[in-house]
Amino acid sequence: MVTTHNLGFPRIGARRELKFALESYWKGQSSREELIGVGAQLRQHHWQQQAGLDLVPVGDFSFYDQVLDMSFTLGNLPERARDYRGDALDNYFRVARGRSTSGAQEHGACDGVQAGEMTKWFDTNYHYIVPEFMADTTFTLDASRMLEQTHQALAAGVKAKPVIIGPVTYLWLGKSKDGSDRLDLLERLLPVYAQLLDALVAAGVEWVQIDEPVLVTELDPAWRHALSLAYHRLNGGRAKLLLTTYFGQLQDNLHLACTLPVAGLHVDAINARNEIVTLVDQLPSHKVLSLGVVNGRNIWKTDLEATLDWLEPLHERLGDRLWLAPSCSLLHVPVDLAAETRLDSEIRSWLAFALQKLDELTGLANALNQGRQAVHETLAENRAAIVSRRSSTRVHNPAVKAALKQLDADMGQRRSPFESRAILQSELLNLPAFPTTTIGSFPQTAQIRHARRQHKAGELGDDAYTTLMREEIARCVREQEALGLDVLVHGEAERNDMVEYFGEQLDGYAFSQFGWVQSYGSRCVKPPILFGDISRPRPMTVEWITYAQSLTDKPMKGMLTGPVTLLNWSFVRDDQPRAVTCRQLALAIRAEVQDLERAGVRIIQIDEAALREGLPLRKSQWDAYLTWAVEAFRIAANGVSDTTQIHTHMCYSEFNDIMPAIAAMDADVITIETSRSDMELLDVFDDFQYPNEIGPGVYDIHSPNIPGQEHIVQLMRKAAARIAPERLWVNPDCGLKTRQWEEVRPALRNMVEAARALRAITQPGPRGSSAERTAHPK
Ligand SMILES: Nc1nc2c(c(=O)[nH]1)N[C@@H](CNc1ccc(C(=O)N[C@@H](CCC(=O)N[C@@H](CCC(=O)N[C@@H](CCC(=O)O)C(=O)O)C(=O)O)C(=O)O)cc1)CN2
Ligand SMILES: [Zn+2]
């Protein structure tokens with residue numbers, strides 16, 4: 001019999017129950033017990049929903065992040081959080097979210113602490129809390145969370161398979177704080193893992209899923225050796241280990257993955273389909289092979305018959321050793337398609353969310369165990385959906401395909417080089433030195449969200465909604481004028497999200513009502529569903545921006561999301577290369593850029609926050625990706641005259657290995673995150689002689705702390721030591737939507753004051769002047 005199992009279930013809840021419970025607890029509106037109760041109920045419910053499987057994941061639930069959970073399990077708290085005497089859950093949230101000292105003083109305790117760094121989980125839009133290491137880091141087991149959840153599951157009759165992050169991936173995900181080698185900690189880490197595995201077996205489980213997704217990345221010999229050492233050491237215990245990889249191919253780690261001494265191996269059979277036959281050949285005959293045959297990263301139905309055509313011969317060879325699962329944890333997809341009553345029924349028939357994906361898995365297993373005849377109805381229904389999607393006129397739009405054919409290289413080319421553009425733009429815009437601006441969004445207040453919800457529910461008419469949003473924009477403009485900012489934004493009040501908002505307005509996109517996916521902590525996104533050829537039926541932002549511009553004499557930035565970010569943060573079609581989809585998006589955004597220019601908008605920002613995120617996990621594939629991604633941005637951005645200033649924004653700062661691509665985007669101004677790194681990350685712009693203008697973030701918007709004016713001046717002076725001052729802008733790290741006005745106001749006031757102070761102490765040359773001295777990289 002084929003065994004079915006799942007690698008992880010979306011824990012936020014079908015109605016985001018966990019999000020609301022967390023936020024209410026954080027605001028002090030509900031008790032610790034209530035929060036813990038919601039967690040227990042969600043787990044129970046999710047196990048019930050997975051009861052049709054042979055093995056169900058346990059320990060995949062988390063109150064904030066599974067990597068932070070692992071840090072607590074291993075006793076690896078950041079030094080600054082170690083001797084906290086308060087409640088353990090409270091300490092966990094302190095590390096996850098940070099706590100400002102000023103806030104703490106209100107409670108009469110000094111429990112302020114800096115948040116752990118957050119970074120993206122492989123190539124997903126999920127963000128984890130980075131483990132921190134030092135040469136003297138030691139580990140001690142705290143198995144309480146894993147054991148409680150395991151006991152809860154076993155008591156409820158769940159066929160529990162605990163899930164943990166493997167030791168090598170755990171080290172790989174973390175950062176050394178003192179420059180020491182993380183791998184030196186492996187010897188200290190392994191005994192704690194051995195204890196944890198023993199404790200789980202003692203609790204009554206047979207299998208443990210141990211995730212080592214590092215196996216799909218390029219590993220140097222030291223990391224491969226670490227894997228070998230780790231699993232030879234852990235092999236002595238009684239737990240049956242299912243070594244689990246996902247998100248890619250094993251390639252040159254394939255042999256290693258096959259030979260590590262474990263009881264079973266899980267691989268992503270969506271991304272690594274071409275490796276499976278080799279794997280079956282090489283895998284020792286006592287091992288189980290779990291194939292991830294249902295895509296855990298998208299929302300399309302699996303082609304069941306094609307999958308069976310491929311699986312049946314493998315089943316014949318492997319027999320009971322064959323297990324089936326989704327390709328990765330279902331954390332990255334929404335819970336239940338059944339809730340989506342408003343989706344167009346044709347499009348809906350093509351989709352599968354987490355619960356539907358598990359049904360597909362059971363269907364496949366039944367077909368293998370009992371023959372296709374046993375599930376012929378399921379197969380017929382599935383076939384109809386697959387055929388309908390393949391041939392639907394909703395998917396294919398000849399006009400879009402024709403426009404794509406018309407694309408030529410000139411479309412991605414500005415008319416003049418940056419040096420000439422900078423001079424023209426500076427004459428026209430007449431900005432002071434160190435111009436101040438923000439990244440786009442201002443606080444999304446409860447009133448704004450509430451109004452949008454009422455509008456969506458039909459309780460608030462279009463006109464009333466527009467009026468409310470205009471009022472919010474007007475308020476935002478007034479606030480910025482009062483602060484004395486130089487380049488204003490409209491504040492993005494009318495946008496639910498920077499990606500979904502555009503998805504809702506483009507043809508070729510569908511969107512769900514409840515398709516939430518966790519992005520970090522309690523924050524979720526509802527990725528729109530890109531199912532067909534993309535076109536823009538009408539301008540999307542022009543009215544809002546021209547309204548905002550009409551309220552002020554200061555320049556108003558147009559604000560768009562770029563094609564690469566729309567692609568990477570949507571669920572996209574799998575029936576054509578991503579590069580092609582991206583080019584279609586680029587054409588739609590290009591038309592919007594040109595409409596904004598025509599409407600008199602002189603500065604247009606095109607956010608590419610997810611450009612780096614889309615980098616393939618293997619460096620050998622970076623060039624190909626960057627080539628089409630940069631080309632798409634250039635098509636979107638460069639259809640304007642020299643006098644229009646193009647900005648782009650990226651909310652990260654590690655550009656070291658992609659600098660030529662960043663320069664090739666040729667944006668007039670790029671705003672980036674740098675405040676936490678003390679401007680050191682600008683070295684690469686200096687080394688590379690990046691020629692265009694840069695706004696290094698001086699205000700860490702992820703922290704509740706308000707940056708002082710002095711601090712900002714210091715940061716900017718450090719920036720000016722690396723970048724010619726006439727090419728510098730002053731701005732926050734990212735948008736302000738998750739912050740409160742009470743925090744934003746004083747922070748921006750200090751930022752504007754800092755820019756004024758800078759102007760008094762530094763007199764930069766005219767804009768465009770230093771650019772002439774540096775060679776253009778292309
Ligand atoms: N797509 C995307 N990815 C991204 C980012 C991003 O901004 N967008 N930023 C980076 C960090 N990730 C983030 C992800 C989400 C949020 C965020 O703020 N999400 C919001 C939801 C945003 C949203 O879509 N809001 C909707 C729905 C709001 C809502 O929940 N309304 C309530 C009702 C409220 C009321 O009636 O008062 C409801 O429907 O129940 C809207 O504004 O319309 C949240 O989780 O709280 C922030 C950062 C990286 N990845
Ligand atoms: Zn950002």
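Both ligands and their constituent atoms are indexed starting at 1 by order of listing.
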Contact check, [X] vs ligand 1, heavy-atom distance below 4.0 Å:
X	result
Lys456	no
Arg16	yes
Arg452	yes

For [atom], what is the nearest protein heavy atom, given as residue, atom name and distance?
atom	result
atom 3 (N) of ligand 1	Asn125 ND2, 3.0 Å
atom 48 (C) of ligand 1	Tyr520 CE2, 3.6 Å
atom 12 (N) of ligand 1	Ser519 OG, 3.1 Å
atom 18 (O) of ligand 1	Arg523 NH1, 3.0 Å

Quick one about [Y] and [X] (side-chain donor to acceptor, distance below 3.5 Å, no hydrogens or angles considered), yes or no?
X	Y	result
Asn298	His332	no
Tyr246	Asn271	no
Ser675	Asp733	yes
Glu654	Asn656	no
Arg452	Tyr465	yes

In plain terms, say whether [X] and [Y] are close enough for a salt bridge, that is, a side-chain N and a carboxylate O under 4.0 Å apart.
X	Y	result
Arg99	Asp90	yes
Glu340	Arg348	no
Lys456	Glu504	yes
Asp657	Arg612	yes

Mode of [X] contact toward ligand 1 - side chain, backbone, both, neither (heavy atoms, under 4.0 Å):
X	value
Lys737	side chain
Asn496	both
Ile448	neither

Return a yes/no value for [X]: is any of its N or O atoms, backbone included, closer than 3.5 angstrom to an N or O of ligand 1?
X	result
Cys524	yes
Arg495	no
Lys19	yes
Arg453	yes
Asp497	yes

Output, by chain and residue number, all protein N/O/S atoms separated from the Zn ion (ligand 2) by less than 2.8 Å.
->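 Per the 2.8 Å query on the Zn ion (ligand 2), atoms found are His649 NE2, Cys651 SG, Cys734 SG.
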How are the rings of [X] and [Y] set relative to one another: parallel (under 30°), tilted (30 to 60°) or perpendicular (over 60°)?
X	Y	result
Tyr652	Phe655	tilted
Tyr64	Tyr92	perpendicular
Trp121	Tyr128	perpendicular

Could you name the option among Phe514, Trp569, Tyr652, Trp516 that has the heavy atom nearest to atom 27 (C) of ligand 1?
->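 That would be Trp516.
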Using salt bridge (Lys or Arg N to Asp or Glu O under 4.0 Å) as the criterion, list what pairs up with Asp678, not counting sequence neighbours.
->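 Checked Asp678 against salt bridge (Lys or Arg N to Asp or Glu O under 4.0 Å); matches are Lys718.
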Is the distance between the ring centroids of Phe122 and Trp172 under 6.0 Å?
->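 Yes.
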